[in-house]
A.B. asks: 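Handing you this structure, nothing more for now.
Counting starts at 1 for both ligands and their atoms, in listed order.
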Amino acid sequence: MMTLSGTTLPIGSGLNKIRDMKSIRYLYKIGKGPSSSHSMGPQRAAELFRRRLSQTPRTIEVELYGSLAATGKGHLTDRAILETLSPLPVKILWLPEKTLPLHPNGMIFRGLNPSGEILDTWEVYSIGGGDLLDKEGPVAISTSYPEYEFNTAAEILRECEQKGISIPEMIRSRESADFYDFLEWIWKVMSDAVDAGLRSEEPFLPGGLRLARKAPMMYRAANENIDFVRNLNLVSSYALAVAEENASGGTIVTAPTCGSAGVLPGVLYYFHRHHRMPIKSILDGLIVAGVFGSIVASNASISGAMVGCQGEIGTACAMASAAAACLLGGTPMQIEYAAEMGLEHCLGLTCDPVAGLVQIPCIERNAFMAVRAVECAMYSLATRGEHLVSFDEVVEVMNQTGRDLQTKYRETATGGLAQIIARRKFPGITTTG
Ligand code: SF4
């Protein structure tokens with residue numbers, strides 16, 4: 001059983017593994033922001049609970065624990081549950097001081113009949129990226145997607161080397177005929193989110209911080225600059241555009257989460273538009289990124305509440321680094337090296353969202369990590385891809401580091417930037433239940 005704050009688990013013990021590696025289709029989920037763990041996961045749990053009930057309840061009680069309760073209001077957790085269960089009467093209890101045993105994002109749903117008797121109770125956890133876990137194990141989304149028989153980057157590199165194939169070829173051989181339709185759909189939603197964020201005329205993001213949308217101005221700045229600075233501004237503007245759409249409740253793709261959803265599209269959009277990368281290459285980039293994101297999700301965690309921001313934005317950086325290395329023609333080893341650097345240099349990154357909103361530091365962090373991902377790819381391709389620390393090892397270290405982080409640095413909005421800025425007063429902001 002996983003435990004929470006301050007727990008030390010032996011690296012490589014396997015105790016932290018929460019699921020086998022499934023199709024990368026599980027990683028990319030289309031939905032509305034701002035949070036995959038705090039809005040998409042609870043929304044899905046509410047839908048499933050409603051379907052579990054054998055009769056219409058008089059009322060549904062929902063208890064939110066730990067991080068879900070601490071930052072749920074800023075992340076619109078209550079709105080996601082209420083809208084999903086509407087028009088049923090729902091009572092939400094916020095319990096930020098308590099946690100359930102399997103994960104910091106615990107929920108208990110309880111349906112009551114007209115005489116107040118309990119029809120059904122469901123203890124369920126939102127474990128990141130919109131995924132759910134209950135006492136029986138992972139809650140399946142679809143049984144139609146394939147499972148891969150490997151779980152680590154080492155296994156992937158070995159097969160690519162033995163067969164002389166690329167990572168996209170290896171994954172394609174395990175997927176069904178409609179795989180590229182799925183990828184095209186994901187790419188369309190990602191690029192639409194970039195376009196929407198760049199076009200937005202809303203001066204401020206919702207939530208009460210009065211944080212300005214910066215993607216349009218960053219894009220304008222790019223066109224006033226040249227060469228290196230222009231390229232930095234462009235990559236940043238595309239990543240910002242998606243992150244700001246997410247913060248506004250717009251439609252995005254988890255990559256691997258909502259809060260980190262801007263990094264990968266920012267990089268892919270840049271290469272597609274400014275380096276004339278064809279769609280087929282972009283889709284291969286999505287495959288490679290999905291593989292490295294799935295390795296983290298299946299061996300560690302992509303949940304900020306579990307391991308801090310290194311699991312969200314660090315994984316997004318690894319995914320985008322791998323995708324960029326693939327687009328630039330990297331070998332499997334160079335791609336793995338780029339991904340390793342993307343995650344390694346985010347180790348220890350805390351999650352301390354100001355006012356519990358997915359805005360500060362989240363939005364800028366997407367832009368910076370998109371730029372860093374391009375750097376990781378270029379760095380790797382300047383070498384033969386040989387390196388001492390493997391991606392799998394960095395995933396283990398990230399997992400252990402995350403569990404060593406104090407709870408206040410794991411999406412509770414009680415430490416770091418959140419604590420400092422909480423001294424100021426912002427109208428209309430309530431950070432906890
Ligand atoms: S700080 Fe990172 S992990 Fe935390 S909400 Fe923001 S993007 Fe997600």
A.B. asks: Just so I know, are the side chains of M21 and V291 near enough to count as touching, which here means a heavy-atom distance under 4.5 Å?
C.D. replies: yes
A.B. asks: Hey, mind stepping through Y125 and D131 against side chain to side chain donor-acceptor pair (under 3.5 Å) and telling me if it holds?
C.D. replies: CA-CA 8 Å; Y125 299 82; D131 288 338; over 6 Å; no
A.B. asks: Taking 2.8 Å as the limit, list every protein N, O or S atom around atom 2 (Fe) of ligand 1, by chain and residue number.
C.D. replies: C309 SG
A.B. asks: May I ask you to decide if the ring planes of W185 and F182 are parallel, tilted or perpendicular, using 30° and 60° as cut-offs?
C.D. replies: perpendicular
A.B. asks: What verdict does the side chain to side chain donor-acceptor pair (under 3.5 Å) test give for E312 and T257, after you've listed the backbone C-alpha separation in whole Å, the side-chain angles of each residue and the deciding distance to 0.1 Å?
C.D. replies: CA-CA 6 Å; E312 292 203 17; T257 62; 2.9 Å; yes
A.B. asks: Using the side chain to side chain donor-acceptor pair (under 3.5 Å) rule, take R213 and S248 through it: C-alpha gap first, then chi angles, then the decisive distance, then the call.
C.D. replies: CA-CA 10 Å; R213 276 187 178 252; S248 307; 2.7 Å; yes
A.B. asks: Once ring pair (Phe, Tyr, Trp, His ring centres under 6.0 Å) is applied, what residue pairs with a partner in residues 279-315 remain, sequence neighbours excluded?
C.D. replies: F292-F391
